[in-house]
Amino acid sequence: MNPHICLGQPTIRGMRITVAFILKLLASKLSIEEILAAYPELEEEDIRQALNYAAWTVSDKITSIPSA
C-alpha cells in the first residue's frame with residue numbers, strides 16, 4: 001500500500017490495479033484467463049496473491065459480540 005497510489009488501497013505490485021478491482025472481476029465470473037487477457041500486465045500469481053490477501057484480511061477481522 002502506498003498513499004500516493006490509488007489513495008492507499010492495496011494494489012498489485014505497485015501498479016494502479018487494486019486488489020479490490022481484481023476481486024470484483026472474479027466475482028463477476030471472469031476467469032483468470034479472461035482477466036489476464038484483458039490486463040496483460042498482470043500475471044496469474046498476481047491474482048492468486050490478491051485472493052490470498054483478501055482471505056487473510058477477512059480472517060484477521062475480530063468482532064466483539066456482547067454477552068447476553
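All heavy atoms count here, side chains included; hydrogens, waters and symmetry mates do not. Along the sequence shown, the residues carry numbers beginning at 1. What you see is a predicted model; the values in this text were computed from it and never measured.
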Output side-chain donor-acceptor pairs under 3.5 Å for residues 21-30, partner residues at least two apart or in another chain, one line each.
unit_1 : atom_1 : unit_2 : atom_2 : d
Ser28  : OG     : Lys24  : O      : 3.3
Ser28  : OG     : Leu25  : O      : 2.8

Can you give me the closest heavy-atom contact between Glu41 and Ile17, atom names plus distance? OE2-CD1, 3.5 Å

My understanding is that only residues two or more places apart in sequence, or in another chain, count here; which of them pass side chain to side chain donor-acceptor pair (under 3.5 Å) with Glu34?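 Here the qualifying residues are Ser31.
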
To the closest 0.5 Å, what do you measure between CG (Leu42) and CD1 (Ile12)? 6.5 Å

Strictly by salt bridge (charged side-chain N to carboxylate O under 4.0 Å, His left out), give each pair with a member in residues 44-58 just once, sequence neighbours left out.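 Sorted result for residues 44-58: Arg13-Asp46, Glu44-Arg48.
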
